[in-house]
Every structure is written in structure tokens, then in C-alpha cells.
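Have a look at the structure below before the remarks.
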Amino acid sequence: MSTQSGPEPAVMWFRRDLRLADNPALLQASEAGPVLPLFVLDPALWGPSGVSRRAYLCDSLRSLDASLRKRRTSLSVVRGKPERQVVLAAKAVDATRVFVAEDFGPYGRERDERVEAELEKAGIELVRVGSPYAVAPGSVLNGSGKAYQVFTPFSRAWADIGWEAPYDAPTGGSWLELEKTVDVPTVDLPADLTIPEAGEDAATKRWHAFADDVADYDDERDRPDHDKTSRMSTHLKYGEVHPRTLLADLAKGSGKGRSTYRTEIAWREFYADVLFRRPETARDYYKPEFARMAYAQPGEAFDAWREGRTGFPIVDAGMRQLKQSGWMHNRLRMITASFLVKDLHVEWQHGARHFLDLLADGDLASNNHGWQWVAGSGTDASPFFRIFNPTTQGKKFDPQGEYVRRWVPELADVADPHEPSADDRDRVGYPPPIVDHKEERKEALDRYEAVKSS
């Protein structure tokens, strides 16, 4: 560490916190001295990301850069292995400290350990301040000092711990820039894909718009036809807003809608906590016995599921929404996942990977543990014998068929878009069901019984 007594240059290494407000790591960096705002395009993360996440990330980076330019600086973007690029950037501006929000994901933790080791060799400190969560993973423990295994007691303890009030954006201060940087890439989207608007301002705008609907959230959250969910998941994924900001606003009023939305935030933090404790569950079964079940290899039926041509309207609507918007309503995430695992008998990992390929809000903990919930193999899992009937689910949560008509337009004019007749299917070119749900439900239960008795 430097022994100079004056202001010391610092690096603010942005990762999942692409915002200026409510960013304690940025505040502490600005208090130390002039700040270099840095982002590293990491090939290990860029490579596996689908087109939606790549495009959204780049839009978010451009938005952050625009906010910084209003402060007469810019975001310095470099490309390469972080353990090399962060050290080079810090040395270039004579920084003595690199500030970050702590990462609790499997890759992020291992990456930060590598970066910290290389910084130490150069006499530079990695300073972890805050996290992307209201309550950091690993913090919520029971009376015996152990982690909670199920959600409900976790959520109570999580709320009891509480969270800090939102932080203001830094004012004043000075900034630094690197001489050698790379441009933020331009990602070409498929012609039929439109992703959400990115950036801190877009997150604030979206949240304020949702405020008009939050009172009805408990009643409306399962209705994809009404589209009254918050759509904040992508903004939270990239840290364009911090959950404590949302929680602070929710606390300004009362009602079932607000408390239910707070519970949804708690679920997000619970899954992050589970992944922190059990990093192997990002790919493997939380309950290993489910690995013994007989599964089908992905084939033509899997392709039909991915492309939204299973012949089950509500399933196809969800999969087409995913393909065309980089997002899917949460009720549809459950319906489409149940169909893949329990009607087509394909392992959850294949579906989880497909979702991460297309979702702009693709979050490893929430996505993969949500899939394990449906597959019966995760924490608080839905029992395997709870098998969604896609037709009755469609009729229940999209009673007028508006959601199906929107995303499966060939069914827009049929009398019953949830159960189109054979003649209607032939007339509009919509395929027959690829499986018999009643038969596949029995097959799924038989496979489950075989695992239970083995």
C-alpha cells in the first residue's frame, strides 16, 4: 500500500452494479481520491452469454457511460482476463485500492480471489463494499449458526436482519480515464427479438411505473394476459437498481401487494444464499437422488419445445415470448419447465441452459434453482407429483386467451385458443399436441416411483 498522505487514486471496478446511485463501493472509492470507473469484458462470462444478455449488457454499459459523461468523464472498458486487466488499469493510474461490490456467485468468488492475489503482488488492495443483495448471502443463519434449508424461516430471519437505507450518488470528486480502452461491442439482435430498455434511468422509470400496480400485485402476478408484473428482474440482474432501493419504497406503504412483492425479493436472495452455500447446485441436483431418475435425451420434442411448436398453446406462447423478448412471465416459466421435465421427461439442466441462452435477466441462482423447484429436486421444491396440466393452467391464468392470442398469432381468431379443434389447427397451420399429457403424467409418476423405491 502507498504511504502518501494526500488523496489516493482508486479504481471502481463495476460488475453487477451498473449504476451511480445507491452504490456504496463507488461512494467509498470517491472519498479516497480521484476514481477510475472501470469495466472488464471478461471472455469467461462473455463467451457463454446468449445474445439477449450480451446485447443488454452492452446497452447498460453505454447508459452508464452516458451518466458518467454528464460528470465529465467516461467508463473505461477493457477486454481480457480480469486478474491481468484490473492490475494493469490500477497501475496505469497509480491506484492503491480497487473497490468492488462483493460477488457471491461460484465464478465471481473464484475470479475475485485470483484478482486479489495479483493485486497484492503489486501492493494494491481489493476492497469489497456491499453486495448485489439487500442481505449478503451467508448472513442469514438460524439460532444454531447454520444456514436455513427452507424458504419461510429464511425469509423471516432475512427480514429481521434488515438492510441499510439507499445511498445517494456521489457528488463532486474527480475522475480518471485510461488511455487505452476498447469500444463497447455492438450486438446484432435477431430480427424478431426486442429486449428491454437498459440502464439506471430505465430502471427508475420502470419502477415508478410499476408503483401504480403494486397494490394489485398479489392478485395480478399470475396473470400473463394482464402484464402487470414489475419487469425489474433484468434491472436487478445488472445492478441498475439495488434491491434495498425497491425495499425502501415498498416500506412507504402497506398492503398485500407490497408484502408479496417483498417476498419475491426474498426468494431471489434465498436462491443466492443457497448457491453460495452449495455452488455445485448450479449444475447438479440439490437432492442427488433425482439424478437416478430415467430421463429422455433431448431430441425432436426438445426442439419443438424450444421453438414453441409443441401444440400446447400456453406452452408455445411462453416459449415464443422468451424467444422474441428475452423475457418470460414467471407463471409461464413454471408451466414450460414442468412440461419439459414431466411431459417430455428431459432433465432440467437442458431447459435451464436454454433459458440462460435467451433470457436478458438470466440469473444463475434464480434460474437454475427455479428449474430445480419445478423438477422436484431443489429447496422447497414443488413435489414431483405436482404436474401442471398445460391446458387447465392456460384456462386458469389466461381465461380469455389474450396471452396465447398475442404470442401464438395463428390462434388469434379461433374460438378457444387453449383447446383449438383439429379443424382449427388444420385451418391455421397450428400443430397437434406432440404428446398426450394424461399418458405422460402417468409415465412421469411411474419414473418417480422407481426412484423412490430404489
Side-chain angles (χ1 to χ4, degrees), residues 22 104 131-142 147-166 203 206-224 226-237 239 241-277 286 327-335 337-338 359 361 363-374 378-383 386 388 396-397:
D22 196 7
F104 291 87
S131 82
Y133 304 100
V135 180
S139 302
V140 183
L141 303 173
N142 63 23
Y148 287 96
Q149 304 299 311
V150 295
F151 172 72
T152 300
F154 170 92
S155 65
R156 288 195 291 261
W158 171 83
D160 287 342
I161 289 175
W163 35 84
E164 299 174 302
R206 178 63 199 173
W207 177 244
H208 288 165
F210 175 67
D212 295 334
D213 295 322
V214 68
D216 300 324
Y217 180 75
D218 185 61
D219 295 326
E220 295 287 341
R221 64 194 175 104
D222 278 325
R223 291 290 299 272
H226 291 176
D227 196 22
K228 289 191 174 182
T229 58
S230 72
R231 298 287 189 109
M232 294 300 295
S233 55
T234 315
H235 299 303
L236 287 166
K237 154 73 179 174
V241 64
H242 196 279
R244 68 176 153 254
T245 299
L246 310 188
L247 289 163
D249 283 351
L250 291 171
K252 295 175 182 177
S254 60
K256 185 65 173 176
R258 291 173 180 268
S259 62
T260 300
Y261 193 89
R262 189 177 76 162
T263 298
E264 295 300 312
I265 295 176
W267 269 110
R268 179 177 183 267
E269 307 224 339
F270 176 59
Y271 282 150
D273 188 81
V274 172
L275 187 61
F276 172 71
R277 294 186 287 105
Y286 185 86
W327 187 84
M328 190 195 295
H329 189 281
N330 189 60
R331 171 55 56 173
L332 271 298
R333 298 190 196 204
M334 292 188 284
I335 294 171
S338 177
L359 286 170
D361 69 359
D363 176 86
L364 184 65
S366 294
N367 181 70
N368 289 25
H369 278 281
W371 270 89
Q372 293 224 50
W373 181 88
V374 171
T379 56
D380 286 85
S382 172
R386 183 189 183 196
F388 288 144
K396 179 177 181 180
F397 296 111

| field | Evaluation steps, side chain to side chain contact (heavy atoms under 4.5 Å, CB included), between Ile265 and Leu247 | value | CA-CA 8 Å; Ile265 295 176; Leu247 289 163; 3.9 Å; yes

| task | Run the numbers on Arg268 and Asp361 for salt bridge (Lys or Arg N to Asp or Glu O under 4.0 Å), then give the verdict. | result | CA-CA 12 Å; Arg268 179 177 183 267; Asp361 69 359; over 6 Å; no

| request: Could you give me the CA-CA distance, side-chain angles and deciding distance for Arg333 and Leu359, then say whether side chain to side chain contact (heavy atoms under 4.5 Å, CB included) is met? | output: CA-CA 11 Å; Arg333 298 190 196 204; Leu359 286 170; 3.5 Å; yes

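Contact of the Leu246 side chain with the Leu236 side chain is registered, since non-hydrogen atoms from C-beta on lie closer than 4.5 Å. Side-chain atoms of Val140 and Val135, non-hydrogen and from C-beta on, do get closer than 4.5 Å to each other. With a 4.5 Å cut-off on side-chain heavy atoms, Val214 and Asp249 do not count as touching. For the pair Tyr286 and Gln149, the minimum side-chain heavy-atom distance is below 4.5 Å. When side chains are defined from C-beta on, Ser230 does not count as touching Tyr217, because their heavy atoms never get closer than 4.5 Å. Contact check for Ser155 versus Thr263: no side-chain heavy atoms found under the 4.5 Å cut-off.
For Arg223 and Asp213, the salt-bridge test fails: no basic side-chain N is under 4.0 Å from an acidic carboxylate O. Classification of Arg231 and Asp227 as a salt-bridged pair holds, one side-chain N sitting under 4.0 Å from a carboxylate O. Comment: Arg277 engages Asp273 in a salt bridge, judged by a side-chain N to carboxylate O separation of less than 4.0 angstrom.
Remark: side-chain polar atoms of His329 are paired, donor with acceptor, to backbone N or O of Arg221 under 3.5 angstrom. Between the side chain of Thr260 and the main chain of Gly257, no donor-acceptor pair closer than 3.5 Å is present. Under the 3.5 Å distance criterion, the side-chain polar atoms of Ser338 are left unmatched by any main-chain donor or acceptor of Ile335.
Scanning both residues, Val241 and Ala203, for their nearest heavy atoms gives CB-CB, 4.2 Å. Across every non-hydrogen atom of Val274 and His369, the tightest pair is CG1-CE1, 3.4 Å. Among all heavy-atom pairs drawn from Pro243 and Ala134, the shortest one is CG-N, 3.7 Å. For Leu332 against Pro224, the heavy-atom pair with the smallest separation is CD2-CG, 3.6 Å.
Rounding to the nearest 0.5 angstrom, the gap separating the CZ atom in Phe154 from the CG atom in Leu141 is 10.0 Å. Note that NZ of Lys228 is 10.0 Å distant from CG of Asp219, once rounded to the nearest 0.5 Å. Considering OG of Ser233 and CE of Met328, their distance stands at 12.0 Å, rounded to 0.5 Å. Atoms NZ and CG, on Lys396 and Asp222 in that order, are 8.0 Å from each other to the nearest 0.5 Å.
Exactly one of Trp158, Tyr133, Trp163 qualifies for a side-chain hydrogen bond (donor to acceptor under 3.5 Å, both in side chains) with Glu269. That residue is Trp158.
Ring geometry for Tyr261 versus Phe210: interplanar angle of 30 to 60°, hence tilted.
Partners of Asp380 under the side chain to side chain contact (heavy atoms under 4.5 Å, CB included) rule, at least two apart in sequence or in another chain, are Val150, Phe151, Trp267, Phe270.
For the residue pair Gln372 and Tyr271, no side-chain donor N or O sits within less than 3.5 Å of a side-chain acceptor on the partner.
Heavy-atom neighbours of Arg262 CZ from other residues, nucleotides or ligands within 6.0 Å: at or below the threshold of 12.
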